Amino acid sequence: MAEMIFGGVAEQVATREEFPLEKAREVLKDETIAVIGYGVQGPGQALNLRDNGFNVIVGQRKGGKTWDKAIADGWVPGETLFEIEEAAEKGTIIQYLLSDAAQIEVWPRIKPYLTAGKALYFSHGFGITYKERTGIIPPADVDVILVAPKGSGTSLRRMFLEGRGLNSSYAIFQDATGRAKDRVIALGIGVGSGYLFETDFKREVYSDLTGERGTLMGAIQGILQAQYEVLRENGHSPSEAFNETVEELTQSLMPLFAENGMDWMYANCSTTAQRGALDWMGPFHDATKPVFEKLYKKVANGNEAQRSIDTNSQPDYREKLEEELKALRESEMWRTGETVRKLRPENN
């Protein structure tokens with residue numbers, strides 16, 4: 001582990017330099033990694049592990065779309081692709097990468113295969129942190145570990161293929177074998193992490209749920225929609241409103257932000273833009289911080305987790321979710337976005 005300074009605060013991180021891929025392969029040379037679930041995180045992690053030379057199998061319900069997707073990705077039924085229970089039985093490390101709702105449903109079928117010395121791996125702290133609500137309580141004689149890439153499985157895979165890495169957090173909830181730390185760091189390197197920073201299951205899920213509902217998805221959609229509506233209500237065309245609200249943000253400014261930080265992005269904008277940003281960041285901060293404080297409290301007291309459990313367990317959950325997503329997809333702003341994207345030079 002290396003000590004790095006983040007904003008003046010020392011943290012322990014694991015990097016590829018100190019824990020190279022060759023070391024990770026050595027640590028896991030006798031392990032069979034069973035990736036359970038082939039939806040959001042499963043494909044990216046499984047494919048990266050396979051391409052990095054680890055012994056990987058996939059467990060998925062036979063006959064569904066994701067089973068067919070796994071076959072299309074080169075997983076072979078009966079050799080590297082199995083029903084969930086068979087994969088769990090064969091695996092010495094069980095990567096439990098189903099959705100939170102599916103983890104609750106499938107847990108009774110997985111638990112019998114968590115025999116002594118195995119490792120149970122998560123990429124989200126939800127099931128363990130809220131174990132009294134989810135019922136996911138692992139046996140005492142298995143390692144319980146987490147690697148949480150800071151992005152989608154699609155991004156993890158895309159960056160891997162580009163020769164880059166997506167940063168991840170890691171955590172150890174239970175070290176039954178004395179090998180949990182080596183196992184979790186090796187897996188983090190194997191799935192394609194840029195570097196790994198330490199957390200625990202509770203902090204991971206608190207930050208993750210806050211981020212998803214906040215700046216990563218919920219807040220950004222709300223802010224974009226509000227600005228778009230104000231521009232439209234004041235006579236601006238859909239194209240102009242979308243370009244000023246979304247296109248310039250995602251295609252011009254965010255790449256600068258990602259490259260060297262917000263201060264560097266500011267320095268590469270006009271002085272008029274800099275003045276306006278500095279003047280208005282305070283009012284936006286003051287307006288939104290109370291919302292973030294309320295959100296964090298609801299995450300910490302379990303209300304957000306319970307809402308997810310309750311809604312996701314409804315028999316018509318998928319249909320209701322699709323209705324809500326359809327309304328978002330068919331809003332004027334995002335229908336305008338579809339046209340704008342088609343007009344980008346790379347699409348013509």
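Note that the numbering runs from 1 along the sequence shown for the chain. What you are looking at is a predicted structure, and each value in this text was computed from that prediction instead of being measured.
Using a cut-off of 4.0 Å between Lys/Arg side-chain N and Asp/Glu carboxylate O, E85 and R109 are scored as salt-bridged. Under the 4.0 Å criterion applied to side-chain N and carboxylate O atoms, R179 and D182 are not assigned as salt-bridge partners. With respect to the salt-bridge test (charged N to carboxylate O, under 4.0 angstrom), the residues K29 and E26 qualify. Using a cut-off of 4.0 Å between Lys/Arg side-chain N and Asp/Glu carboxylate O, K326 and E319 are scored as not salt-bridged.
For the residue pair D73 / Y38, a side-chain donor-acceptor distance below 3.5 Å is found, with atom types taken as modelled. Defined by atom type and a distance below 3.5 Å, a donor-acceptor pair is missing between the side-chain atoms of T199 and S169. Using modelled atom types and a 3.5 Å distance limit, the side chains of Q103 and T134 yield no donor-acceptor pair. Of the N and O atoms on the side chains of Q41 and Q45, at least one donor lies less than 3.5 Å from an acceptor on the other residue.
For F292 and Y296, the distance between ring centers is not under 6.0 angstrom.
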Test side chain to side chain contact (heavy atoms under 4.5 Å, CB included) applied to F197 and M4, step by step:
CA-CA 10 Å; F197 60 93; M4 302 288 290; over 6 Å; no

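Between E304 and the choices K297, R133, R213, the salt bridge (Lys or Arg N to Asp or Glu O under 4.0 Å) rule is met once, by R213.
Note on I137: it does not cluster hydrophobically with W107, by side-chain heavy-atom contacts below 4.5 Å among ILVMFWY residues.
Relative to the ring axis of F82, K90 places its NZ or CZ within 45° and under 6.0 Å from the centre.
Summarising the local packing, CZ of R158 is surrounded by 12 or fewer heavy atoms from other residues, nucleotides or ligands at distances under 6.0 Å.
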